[in-house]
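For reference, the structure is listed below as structure tokens.
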Amino acid sequence: MATTAGAQGCGKIRRGWRRWHDNGSSSFNLRNLSKLVLPPLGMSSYDQTLIGSRGRVISPMDSRYRYWEAFMVVLVAYSAWVYPFEVAFMNGAPKGGLWVADNVLDLFFAVDIVLTFFVAYIDSKTQLLVCDRRKISVRYLSTWFIMDVASTIPFQGFGYLITGEVKSGVPYRLLGILRLWRLRMVKQFLTRLEKDIRFSYFWIRCIRLLFVTLFLVHCAGCLYYLLADRYPHQGKTWIGSVIPNFREASLWIRYIASLYWSITTMTTVGYGDLHAVNTREMVFNIFYMLFNLGLTAYLIGNMTNLVVEGTRRTMEFRNSVQAASNFVCRNHLPPRLKEQILAYMCLRFRAESLNQQHLMDQLPKSICKSICEQLFLPIAKEVYLFKGVSRETLLLLVTRMKAEYIPPREDVIMQNEVPDDVYIVVSGQVEIISTQEEQEVVVGSLGTGDIFGEASALCNRPQAFTFRTRTLSQLLRLKQSTLREAMQTEQEDSAVIMKNFLKHRTEYTNISIDDVIAEDGEHDEAAVPQPCNLLTVAATGDSCLLDKLLAAGMDPDIGDSRGRTPLHIAASKGYEDCALVLLKHACNVNVQDVDGNTPLWLAIATKRHKIFNLLYHCACLSNPSTGGDLLCLAARRNDVSTMMELLRSGIYIDSEDSEGSTSLQVALSEGNEDIVRFLIMNGADMEMVQKREIGCPASTLESLKVPRQKKTFDRRVAISPRVSVYRGHPSTRNACSEYGKVISLPATMDELKSIIGEKFGIGTENAVVTNEEGAEIDSIEVIRDNDKLFFVDGEEYFRLNATML
């Protein structure tokens, strides 16, 4: 039963945390910041900071308990204010309503003592939220319990129960002074309010100083009146000399006179009408003035240091918060952004107050290494990237890691950004967001032990996604340069890291890791198999790493179990940089996989026109029939969409393959009516079909109603190429230059210049058309589909060329 109750007690705190933790941006606001407990460095889960209890436990951050604390502060202030008044003006024996109120207050304080045995506390050394009932009880019994009980016992009430009358002697008055012990609750409450940015720091400090001053004036006035009231000679007192029968005066007059004397004495503006008369009063005044002298020195000297230096960080923090608020208002930023800015500043203040990183920076490297090994090494071992890496390399990396607390809804890495750091998630959640057409789509999330930013470090490519914290997160930040240096130093560990990275990246491609690892069934785990290297690197689009592997002597035409080479992967994925690297290392452009697909076919089938044009021109150097082979393959497979893309890329529709057949002949021999109809509609020559004996039934030709007469139009322009035209010389254009326009390529250069002049509204008399390198184009035949053309004034063109020369 005790274990079950303990689980329920900690479960309530965990559920309260999870409700705040999981709601992310909706519940993380300025009000929650005062209840924030940062997890320790290297702690992967906040629940680990909760130590199992054996009973019900109250969270000190619970809103209901915070309201109870505020209520108790009001009762403490009343009790501390009333007690000196009762002793001085009522002979220490309150009657009627005051007596009832005192006993009711004692009852509330007794309830608070009982509640304290159930309130979890934050360990000042470990910063852990402890909810173990036994530890809570031992801590309270060994610290404040005795004084809290002594300040709560109604001694005068006990005396009344024993003797039948209210006791007001000196011993009972001295015991009543213990009530002032409760003032520590007021101090703790005001200290917490000073750090809460929902309240004005200036006014909280003013209220605190005003309360202290008035309380001291009140206590001194009551004690000074007590001296006059207990003096045997009524006329020889400070108040008796002015008011002979002062005991018969109203309570209000006596109290005001006491406060008047106390204030004039404290501010050193007296004495005038009220002054010491007898020896007792003179002695009291001597000590009171000495006290005031010390208090003044304390306020001017030590309080200056305590308030200014001791709260310097708090003041700087509040000033920065005020500056941020003014900045938001001045620039009319949305409220959501204001909340985000203030939340980040508060979280940074809370983290800096722990002095964790500052302390670690001051320690020797040996001690710092041991600390990092204890805090960060367990979480780093679980990261997929470092599986199998030697302990020495891991220690080198974790020693250079820095822990950071990031508030919810904070962008750690932006899409298309090249970050400088790699991040490991210790606690919290990080969302993976893809921005498409100005709309954000959450494509995944990361949790404890996950890493992000490593793709940019290992591939030298911008991040493809935005990584944004969903909840309060603790991240380990590692410089990318540090990771690269460690990989360069330890080549074996570098191979292991790359293998882990490449295996992980295959989850986001169409490649199975079983296909890219060597099929002999035996491979060295410490080294990366060659097929796995090239194929998976090509699949990730890392052209730099691919170039290094090929330069080291690896075969660019290595294939997997289905015959796919790195060029197949790069062509299908649209990685132009990888294709250029493979071509530079003399890869085979015409190699086929087990399905008969070449890289050219995969490029055009996936509409990667840039890569297709690049590979097509290279393939034509070794095989002039490349275009005809592609057309015939599309006809044989009855693939109308690919045939359309081939014609759109500028391949002649009647091109012959290596065997001398055209695509129409192949389509007719295969009986593919859809592709035959498409070819005829786009101007395929029927005379070539009639010259050769095609194994196609006459009924097929008749059903298709194939025209037998000769075509009289140019069939090569059935699908017109498209080009992009820009105004200005290519060497003078920048990001602010005028946008280009896409047009259909006309038949002559004069028509091209005329169209460009109409599009940009400029003259074409002395205009020159150039390519991206600035070379002049004077023939329409050299222009291909998807080329970029630049329209330059003749004089400007020759001037720029002369300057560059």
Side-chain angles (χ1 to χ4, degrees), residues 567 571 588-593 595-605 607-609 611-698 700-701 704-721 745 747 779-786:
L567 190 58
N588 187 357
V589 181
N590 298 313
V591 65
Q592 296 182 354
D593 60 12
D595 298 322
N597 298 324
T598 63
L600 271 169
W601 175 264
L602 294 177
I604 197 63
K607 300 181 181 181
R608 314 289 185 181
H609 289 283
I611 294 183
F612 175 79
N613 292 333
L614 177 67
L615 299 180
Y616 180 74
H617 290 292
C618 293
C620 287
L621 296 177
S622 60
N623 181 16
S625 302
T626 300
D629 291 338
L630 291 171
L631 292 176
C632 292
L633 181 60
R636 189 174 293 109
R637 294 181 176 181
N638 199 26
D639 193 339
V640 177
S641 61
T642 304
M643 178 67 74
M644 184 183 302
E645 296 299 327
L646 289 170
L647 297 178
R648 187 171 293 166
S649 65
I651 298 178
Y652 181 38
I653 195 172
D654 290 325
S655 298
E656 297 181 352
D657 63 2
S658 301
E659 299 178 357
S661 301
T662 65
S663 57
L664 182 57
Q665 293 170 354
V666 172
L668 288 171
S669 63
E670 296 290 336
N672 296 330
E673 297 184 2
D674 293 338
I675 200 70
V676 170
R677 183 177 292 105
F678 174 81
L679 291 171
I680 293 175
M681 291 177 61
N682 285 274
D685 192 355
M686 288 298 301
E687 290 184 358
M688 301 184 68
V689 177
Q690 295 171 356
K691 289 178 182 179
R692 298 186 60 183
E693 294 181 359
I694 304 299
C696 178
T700 302
L701 295 175
L704 293 172
K705 296 182 180 180
V706 178
R708 303 290 180 173
Q709 69 274 16
K710 181 180 179 180
K711 301 292 181 182
T712 58
F713 53 85
D714 188 358
R715 300 166 183 85
R716 286 175 293 181
V717 296
I719 299 179
S720 178
L745 187 65
S779 175
I780 202 72
E781 276 72 17
V782 300
I783 302 176
R784 298 188 302 270
D785 187 31
N786 292 324

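This structure is a prediction, so every number in the text was calculated from the model and none was measured. Hydrogens, waters and symmetry mates are skipped; everything else that's a heavy atom, side chains included, is used.
Residues Val589 and Ser622 are not in side-chain contact: their nearest non-hydrogen atoms beyond the backbone lie 4.5 Å or more apart. Within the 4.5 Å cutoff, no side-chain heavy atoms of Asn638 are placed close to those of Glu670.
Rounded to the nearest 0.5 Å, atoms CG (Leu745) and CZ (Arg784) are 12.0 Å apart. For the atom pair Asp595 CG and Leu602 CG, the distance stands at 9.0 Å (nearest 0.5 Å). Taken to the nearest 0.5 Å, the NZ atom of Lys607 stands 8.5 Å off from the CE atom of Met644.
Without hydrogens or angle criteria, Asn682 side chain to Phe678 main chain gives a donor-acceptor distance under 3.5 Å. In this structure a side-chain-to-backbone donor-acceptor pair under 3.5 Å is missing from Asn590 to Thr598. No donor-acceptor distance shorter than 3.5 angstrom exists from the side chain of Asn597 to the backbone of Trp601, with no hydrogens or angles considered. The closest donor-acceptor contact from the side chain of Asn672 to the backbone of Asp674 lies at 3.5 Å or more, if one exists at all.
Here the shortest heavy-atom pairing between Ala684 and Leu664 reads CB-CD2, 3.8 Å. Here the shortest heavy-atom pairing between Met643 and Ser663 reads CE-CB, 4.0 Å. Pairing each heavy atom of Ala667 with each of Leu679, the nearest pair is CB-CD1, 4.3 Å. Annotation for Ser661 and Cys632: closest pair O-SG, 3.4 Å, computed over non-hydrogen atoms.
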Inset, instruction - Apply the test side-chain contact (heavy atoms from CB on, under 4.5 Å) to residues Thr662 and Leu631: give CA-CA distance (whole Å), side-chain angles for both, the deciding distance (0.1 Å), then the verdict. - result: CA-CA 8 Å; Thr662 65; Leu631 292 176; over 6 Å; no
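The side-chain hydrogen bond (donor to acceptor under 3.5 Å, both in side chains) test applied to Arg636 returns no partner, not counting sequence neighbours. Under the rule for a side-chain contact (heavy atoms from CB on, under 4.5 Å), the partners of Val591 that lie at least two apart in sequence or sit in another chain are Thr565, His568, Asn588, Pro599. Every side-chain hydrogen bond (donor to acceptor under 3.5 Å, both in side chains) that Asn623 has, sequence neighbours left out, goes to Asp629. Every residue two or more places apart in sequence or in another chain that forms a side-chain hydrogen bond (donor to acceptor under 3.5 Å, both in side chains) with Asp639 is listed here: Ser641, Thr642.
Note on residues 621-650: no pairs pass ring-ring contact (aromatic ring centres under 6.0 Å, His included), not counting sequence neighbours. Applying the ring-ring contact (aromatic ring centres under 6.0 Å, His included) test to pairs two or more places apart or on separate chains, those with a residue in residues 614-635 are Phe612-Tyr616.
Across Leu633, Leu600, Ile653, Ile604, a single residue satisfies side chain to side chain contact (heavy atoms under 4.5 Å, CB included) together with Leu646, and that is Ile604.
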